[in-house]
Student: 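Below you will find the structure I want to go over with you.
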Amino acid sequence: VANMGLKKNPRHAAFNRLAMYNNTDLKRFEEALKAADVFFNECDKADYSYLDYMYYGHLLEELKKYDEAVGQYEKAVELDPTKTDLYKNISSVYEQKNDYKKAIGAYHKYYSSLEKEKQTPDLQFQLGRLYYGAGTQPDSLTINVEERKQALMSADSTFHAIAEAAPDSYLGNFWRARTNSALDPETTQGLAKPYYEEVAAFLIDKNDPRYNSALIECYSYLGYYYLVANKLPESKEYWNKILAIDPANATAKRALDGIK
């Protein structure tokens with residue numbers, strides 16, 4: 001219907017708006033971009049709403065035009081300040097750019113705009129993941145060492161809060177383990193050890209093959225920790241636990257060959 005309307009009046013605002021919305025949803029991004037260009041630059045009597053800028057933001061994000069996408073999302077929130085969900089989109093765009101500082105800032109705006117009862121552990125988890133990303137991105141391994149450490153410390157405290165708020169889930173402690181492993185890259189301090197041990201015990205009780213990859217990660221860390229500590233019998237125990245789950249696991253085989 002929109003296309004029929006555009007044949008009769010190619011500068012009609014409503015039909016170009018619909019063409020942009022529909023083609024964005026249909027993932028026909030080049031057609032959506034053409035409609036958006038006409039809608040925002042050539043249409044007669046166009047009256048823009050937050051939805052227009054939001055859709056344009058989605059479209060530009062899909063096309064990896066990240067800076068332009070942020071600009072449109074910001075215009076949408078400016079028009080309707082109640083649409084704080086869009087800060088989550090802004091955060092996602094910055095994350096895709098690997099600009100974790102701005103991604104964290106935008107996500108904080110989104111999270112703090114929610115009512116207390118809506119600040120759930122699963123939403124908090126994304127904040128922890130962003131801090132973890134900031135602390136483990138490749139550039140941060142050689143520069144901004146203190147900032148990297150601070151980001152990982154913030155990730156750790158976030159995942160700690162999640163572990164306490166959702167004790168029936170292993171994810172809080174699992175990501176604490178990953179975070180503390182990143183804080184101790186040589187595995188000499190064993191910072192992640194108590195968390196990987198706790199997660200392993202939790203998952204063994206579950207007795208569910210869906211958790212095998214997480215269990216293997218726990219055992220891999222513990223096997224390597226004991227190898228570094230030169231406690232070879234304990235190390236062998238964990239590599240053998242991996243082979244009991246995955247007999248073809250190359251890392252475990254290699255480690256056991258090295259211990260022999």
Student: Would you call the rings of H12 and F15 parallel, tilted or perpendicular, taking 30° and 60° as the class edges?
Tutor: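 Tilted, since the angle between the ring planes falls between 30° and 60°.
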Student: Please name the pair of heavy atoms, one in A36 and one in L59, separated by the smallest distance, quoted to 0.1 Å.
Tutor: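 Smallest interatomic distance, heavy atoms only, reads CB-CD2, 4.1 Å.
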Student: Begin from the C-alpha positions of Y100 and E95 and carry the test side-chain hydrogen bond (donor to acceptor under 3.5 Å, both in side chains) through to its verdict.
Tutor: CA-CA 6 Å; Y100 283 98; E95 185 185 3; 4.6 Å; no
Student: In terms of hydrophobic clusters joined by side-chain contacts under 4.5 Å, are W239 and I245 together?
Tutor: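 The answer is yes; both residues are in one hydrophobic cluster.
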Student: Please name the pair of heavy atoms, one in A69 and one in V93, separated by the smallest distance, quoted to 0.1 Å.
Tutor: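 Where A69 meets V93 most closely, the heavy atoms are CB-CG2, 4.4 Å.
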Student: Could you walk me through whether K34 and N23 pass side-chain contact (heavy atoms from CB on, under 4.5 Å), step by step?
Tutor: CA-CA 10 Å; K34 285 176 193 170; N23 283 311; over 6 Å; no
Student: Should L6 and Y56 be regarded as members of a common hydrophobic cluster, given that ILVMFWY residues are connected when their side-chain heavy atoms come within less than 4.5 Å of each other, either directly or indirectly?
Tutor: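 They do not share one cluster, since no chain of ILVMFWY contacts under 4.5 Å joins L6 to Y56.
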Student: So do the side chains of L171 and I162 get within less than 4.5 Å of each other, counting heavy atoms only?
Tutor: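 Sidechains of I162 and L171: no contact.
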Student: Please verify the inter-ring angle class for Y107 with Y110; under 30° counts as parallel, over 60° as perpendicular, anything in between as tilted.
Tutor: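 Ring orientation of Y107 relative to Y110: perpendicular.
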Student: Between F159 and Y132, does the ring centroid distance fall short of 6.0 Å?
Tutor: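 Here the rings of Y132 and F159 have centres that are no less than 6.0 Å from each other.
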Student: Please confirm whether the backbone N or O of H108 pairs with a side-chain atom of S112, one donor and one acceptor, at under 3.5 Å?
Tutor: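 Judged by distance alone, yes, a pair lies under 3.5 Å.
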Student: Looking at K193 and E197, is any side-chain nitrogen of the basic one under 4.0 Å from a carboxylate oxygen of the acidic one?
Tutor: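 Looking at E197 and K193, the cut-off is met.
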Student: Evaluate the criterion salt bridge (Lys or Arg N to Asp or Glu O under 4.0 Å) for residue pair E237 and K241; output intermediate values, then yes/no.
Tutor: CA-CA 6 Å; E237 182 188 336; K241 282 183 177 184; 3.7 Å; yes
Student: Does any N or O in the side chain of S157 come within less than 3.5 Å of the main-chain N or O of S154, such that one atom is a donor and the other an acceptor?
Tutor: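 Between the backbone of S154 and the side chain of S157 there is a qualifying donor-acceptor contact (under 3.5 Å).
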Student: Do K109 and I90 have side chains that approach each other closer than 4.5 Å (heavy atoms only, starting at C-beta)?
Tutor: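 Side chain of K109 against side chain of I90, heavy atoms only: no contact under 4.5 Å found.
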Student: Can you tell me how far the OH atom of Y224 sits from the OG atom of S235, to the nearest 0.5 Å?
Tutor: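 One gets 10.5 Å once the value is rounded to the nearest 0.5 Å.
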Student: Step by step, would you call E234 with Y225 a side-chain hydrogen bond (donor to acceptor under 3.5 Å, both in side chains)?
Tutor: CA-CA 9 Å; E234 292 92 336; Y225 167 77; over 6 Å; no
Student: Classify the ring geometry of F39 against Y48: parallel below 30°, tilted from 30° to 60°, perpendicular beyond 60°.
Tutor: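 The arrangement is perpendicular - the two ring planes meet at more than 60°.
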Student: Does K101 reach the side chain of D99, with side-chain heavy atoms less than 4.5 Å apart?
Tutor: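 K101 vs D99: side chains touch.
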Student: Working to the nearest 0.5 angstrom, can you tell me the gap between E146 CD and N144 CG?
Tutor: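 That separation rounds to 10.0 Å.
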Student: Do Y94 side-chain atoms and V70 backbone N/O form a donor-acceptor pair below 3.5 Å?
Tutor: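 Side chain of Y94 to backbone of V70: no pair is present.
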Student: Please determine whether salt bridge (Lys or Arg N to Asp or Glu O under 4.0 Å) holds for the pair D67 and K97, giving the CA-CA distance in whole Å, both sets of side-chain angles, and the decisive distance to 0.1 Å.
Tutor: CA-CA 9 Å; D67 291 332; K97 281 186 69 182; 2.6 Å; yes
Student: Indicate the atoms forming the closest heavy-atom contact of A155 with G128, along with that distance.
Tutor: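 In terms of heavy atoms, the two residues are closest at CB-O, 3.7 Å.
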Student: State, yes or no, whether a side-chain contact exists between L191 and S181 at a heavy-atom distance under 4.5 Å.
Tutor: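 No, their side chains stay 4.5 Å or more apart.
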Student: Is it the case that over 12 heavy atoms from other parts of the model lie below 6.0 angstrom from the CD atom of E117?
Tutor: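 Yes, because the 6.0 Å sphere around CD of E117 holds more than 12 heavy atoms from other groups.
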Student: Do E61 and Q96 make a side-chain contact, defined as non-hydrogen atoms from C-beta onward lying under 4.5 Å apart?
Tutor: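 E61 reaches Q96 side chain to side chain.
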Student: Would you say the side-chain atoms of Q126 and Y111 include a donor-acceptor pair closer than 3.5 Å?
Tutor: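 Not at all, the side chains of Q126 and Y111 share no donor-acceptor pair under 3.5 Å.
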Student: Going from CG on L256 to CG on L227, what distance comes out if it is rounded to the nearest 0.5 angstrom?
Tutor: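 These two atoms lie 10.0 Å from each other.
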Student: Without hydrogens or angle criteria, can the side chains of Q72 and E68 be said to hold a donor-acceptor pair below 3.5 Å?
Tutor: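 Looking only at side-chain atoms, E68 and Q72 do not form any donor-acceptor pair under 3.5 Å.
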Student: Would you check if the side chain of S92 reaches a backbone N or O of K88 as a donor-acceptor pair within less than 3.5 Å?
Tutor: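 Looks like no, no N/O pair under 3.5 Å.
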Student: What is the minimum heavy-atom distance between L86 and M54, and which atoms define it?
Tutor: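 Taking L86 first and M54 second, the nearest heavy atoms are CD2-CG, 3.5 Å.
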Student: Is a side-chain N or O of T24 found less than 3.5 angstrom from the main chain of M20, in a donor-acceptor match?
Tutor: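 Checking the backbone N and O of M20 against the side chain of T24, a donor-acceptor pair under 3.5 Å is found.
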Student: Check for me, please, whether L79 and L60 land in the same ILVMFWY cluster - side-chain distances under 4.5 Å, paths through other members count.
Tutor: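 Same cluster.
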Student: Under 3.5 Å, is there a donor-acceptor pair between the side chain of D25 and the main chain of N22?
Tutor: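 The answer is no, because no donor-acceptor pair under 3.5 Å joins these two groups.
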Student: Is it the case that over 12 heavy atoms from other parts of the model lie below 6.0 angstrom from the CG atom of D257?
Tutor: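 More than 12 heavy atoms, drawn from other residues, nucleotides or ligands, come within 6.0 Å of this atom.
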Student: For the pair R11 (side chain) and E42 (backbone), establish whether a donor and an acceptor sit closer than 3.5 Å, ignoring hydrogens and angles.
Tutor: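 A pair under 3.5 Å: yes.
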Student: Looking at every heavy atom in both V228 and T187, which two are closest together, and how far apart are they?
Tutor: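 Closest approach of V228 to T187: CG1-O, 3.9 Å.
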Student: Mind checking whether F125 and W175 have parallel, tilted or perpendicular rings, split at 30° and 60°?
Tutor: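 Perpendicular: the ring planes of F125 and W175 meet at over 60°.
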Student: For the CD1 atom of I104 and the OG atom of S91, what is their distance to the nearest 0.5 Å?
Tutor: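 If we round to the nearest 0.5 Å, I104:CD1 and S91:OG are 8.0 Å apart.
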Student: Between Y53 and F40, is the gap from one ring center to the other below 6.0 Å?
Tutor: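 Ring centroids of Y53 and F40 are less than 6.0 Å from each other.
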Student: Indicate yes or no for a side-chain donor-acceptor contact from N180 to the backbone of R176 under 3.5 Å, with no hydrogens or angles considered.
Tutor: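 Yes; at least one donor-acceptor contact below 3.5 Å.
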Student: Treating D184 as the side-chain partner and Q189 as the backbone partner, does any N or O pair qualify as donor plus acceptor under 3.5 Å?
Tutor: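 Here the side-chain-to-backbone pair exists.
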Student: Are R210 and D208 close enough for a salt bridge, meaning some N to O gap below 4.0 Å?
Tutor: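 Answer for the salt bridge query: yes.
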Student: CD/E31 to CG/L33 distance, rounded to the nearest 0.5 angstrom?
Tutor: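 Separation between the atoms: 11.0 Å.
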Student: Would you say N173 and E198 are linked by a side-chain donor-acceptor pair, where the criterion is simply a distance under 3.5 Å?
Tutor: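 Yes, N173 and E198 have a side-chain donor paired with an acceptor closer than 3.5 Å.
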Student: What about L63 and V38, same hydrophobic cluster or not, with Ile/Leu/Val/Met/Phe/Trp/Tyr joined at side-chain heavy-atom distances under 4.5 Å?
Tutor: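 Shared cluster, no.
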Student: Between atom CG of L152 and atom OG1 of T136, what is the distance when rounded to the nearest 0.5 Å?
Tutor: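 With rounding to 0.5 Å, CG (L152) is 6.5 Å from OG1 (T136).
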Student: If we check side chain to side chain contact (heavy atoms under 4.5 Å, CB included) with F174, which of these qualifies: Y196, F202, Y195, Y211?
Tutor: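 Result for side chain to side chain contact (heavy atoms under 4.5 Å, CB included) with F174: Y196.
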Student: What are the two closest heavy atoms between K118 and L123, and how far apart are they?
Tutor: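 K118 and L123 have their closest heavy atoms at O-CD1, 3.4 Å.
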Student: State, yes or no, whether a side-chain contact exists between Y50 and V77 at a heavy-atom distance under 4.5 Å.
Tutor: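 Side chain of Y50 against side chain of V77, heavy atoms only: no contact under 4.5 Å found.
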